[in-house]
2 protein chains.
Amino acid sequence: MDIELSPIGTVESPLTDRATAPKQGDEGAPEAELVLRAEVAEGLDGIQPGDNVIVLTWLDRARRDVLRVHPRGDLTRAEQGVFNTRSPDRPNPIGMHVVEVVSIDATRVRVRNLEALDGTPVLDLKPVLRSVEER
Amino acid sequence: MDIELSPIGTVESPLTDRATAPKQGDEGAPEAELVLRAEVAEGLDGIQPGDNVIVLTWLDRARRDVLRVHPRGDLTRAEQGVFNTRSPDRPNPIGMHVVEVVSIDATRVRVRNLEALDGTPVLDLKPVLRSVEER
C-alpha cells in the first residue's frame, strides 16, 4: 500500500545547508516561518503566540535507502539502526520538531527552534500534549 | 507536490473500533505489537526493552477533509482548528504515539500505551529526545 500526502505549507528559514544547520531546534536554530496554504488556514484556529507546537515536516533532502547510521554523523560512535536515532535519513523521512509560536499573521506562523531547511514541506501541526486532566 | 510513503509495518492490537478506543495511549490502551517488514528490520538495531519510542502511524480510518473539530469529540467544548487538537481527522492524518518497548523478537516490537487500531500502518519510529548533553 502506498500513501499520498499533500503538504499543508512550506518552511521559510535562513537555514539552507544541511551540513551546517543545527541537528535539533534547541541547538541554535534561528526564527523561521511556516507558510501554510490558504485552504487549510482555518485549521490554525485557537493556536496562540507562546504555544508549544509539534511540527511534522517532509525532509525532502534526506536519503530513504539508509537503515544504519552513526548517531549525529559522529564516526567515533557505533552505528545504530535509524529507528534508534533522529537522523533525517530513514525510509519515511518525516521530521518532528517542537517549536514555540512567536506570532501568527493569517497563514504565516512565525516560530522559534525550528532546524528544518528553507523550502521544507510542512505536513502537520499538533499541540504538545498536556497532562490527562488538562486535555 | 505529492509525497509517497510506504509503510514500514503494521499495528497488531486488540483495539478495532475508533469509537471505543482510548483517545491517547496513557488512557488505558492495551499492549500491542508493531510488526515491521523484514526489509527494514536492521533499522531497529540498538532499541531495547524499556526504551520510550515515538511511533508515527498513518491513521487510515481518519477523515482528511476536516479543518475544525470539537476537542475530544466533546460537543460542550468550542470548535478548534484541527492543528490545535490531536484529532485523527486532519489533512495528513499522521498519528504520533509515545510508547514503551516491552520486548523485541526480530521484526515484532511489543509495546505499551499504543492507542492505534489493529491494522494501522506504521510509518516511522524515533527515540524520545534526551537532554542536549546526552544526545
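Everything quoted here is computed from the prediction, not taken from an experiment. Computed from heavy atoms alone, side chains included, the values below leave out hydrogens, waters and symmetry copies. Per chain, numbering begins at 1; letters A, B, ... match sequence-line order.
A continuous path of Ile, Leu, Val, Met, Phe, Trp and Tyr side chains, each step under 4.5 Å between heavy atoms, connects B:V69 with B:F83, placing both in one hydrophobic cluster. Residues A:L36 and A:L114 fall within the same hydrophobic cluster, defined by Ile, Leu, Val, Met, Phe, Trp and Tyr side chains chained together at heavy-atom separations under 4.5 Å. Hydrophobic cluster membership differs between B:L125 and B:L56, with clusters built from Ile, Leu, Val, Met, Phe, Trp and Tyr side chains linked at under 4.5 angstrom.
Looking at A:Q48, neither its backbone nor its side chain comes within 4.5 Å of chain B, counting heavy atoms on both sides. Only the backbone of A:T85 has a heavy atom closer than 4.5 Å to any heavy atom of chain B. Contact of A:I47 with chain B is made through backbone and side chain together, with heavy-atom distances under 4.5 Å. Using a 4.5 Å cut-off between heavy atoms, B:V55 does not touch chain A at all.
Summarising the geometry, atom CD belonging to A:E33 is positioned 9.5 Å from atom OG1 belonging to A:T107; distances are rounded to the nearest 0.5 Å. Note: A:L67 CG to B:D45 CG = 10.5 Å, rounded to the nearest 0.5 Å.
Side-chain contact check for A:D51 versus A:P127: every heavy-atom pair is 4.5 Å or farther apart. Residues B:L123 and A:I3 are in side-chain contact: their nearest non-hydrogen atoms beyond the backbone lie under 4.5 Å apart. At least one side-chain heavy atom of A:E4 sits less than 4.5 Å from a side-chain heavy atom of B:E4. When side chains are defined from C-beta on, B:V122 does not count as touching B:P7, because their heavy atoms never get closer than 4.5 Å. No side-chain heavy atom of B:R86 sits less than 4.5 Å from a side-chain heavy atom of B:K23.
Residues of residues 88-106 of chain B having a heavy atom under 4.5 Å from any heavy atom of chain A, listed by number: B:R90, B:P91, B:N92, B:I94, B:M96. By a heavy-atom distance cut of under 4.5 Å, not one residue of residues 10-18 of chain A is near chain B.
For the set B:G46, B:G43, B:A41, B:A78, the count of heavy-atom pairs under 4.5 angstrom toward chain A peaks at B:G43. Ranked by non-hydrogen atom pairs under 4.5 Å with chain B, the options A:E42, A:E39, A:Q80 are led by A:E42. Ranked by heavy-atom pairs under 4.5 Å with chain A, the list B:L44, B:V40, B:V82 is led by B:V40.
Between B:A21 and B:E115, the shortest heavy-atom contact is CB-O, 4.3 Å. What you find for B:V66 and B:R68 is that their closest heavy atoms are CG1-O, 3.5 Å.
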request  = For B:R72 and B:E27, run salt bridge (Lys or Arg N to Asp or Glu O under 4.0 Å): C-alpha distance rounded to whole Å, both residues' side-chain angles, the deciding distance at 0.1 Å, then the answer.
outcome  = CA-CA 13 Å; B:R72 299 177 62 89; B:E27 298 177 16; 3.0 Å; yes
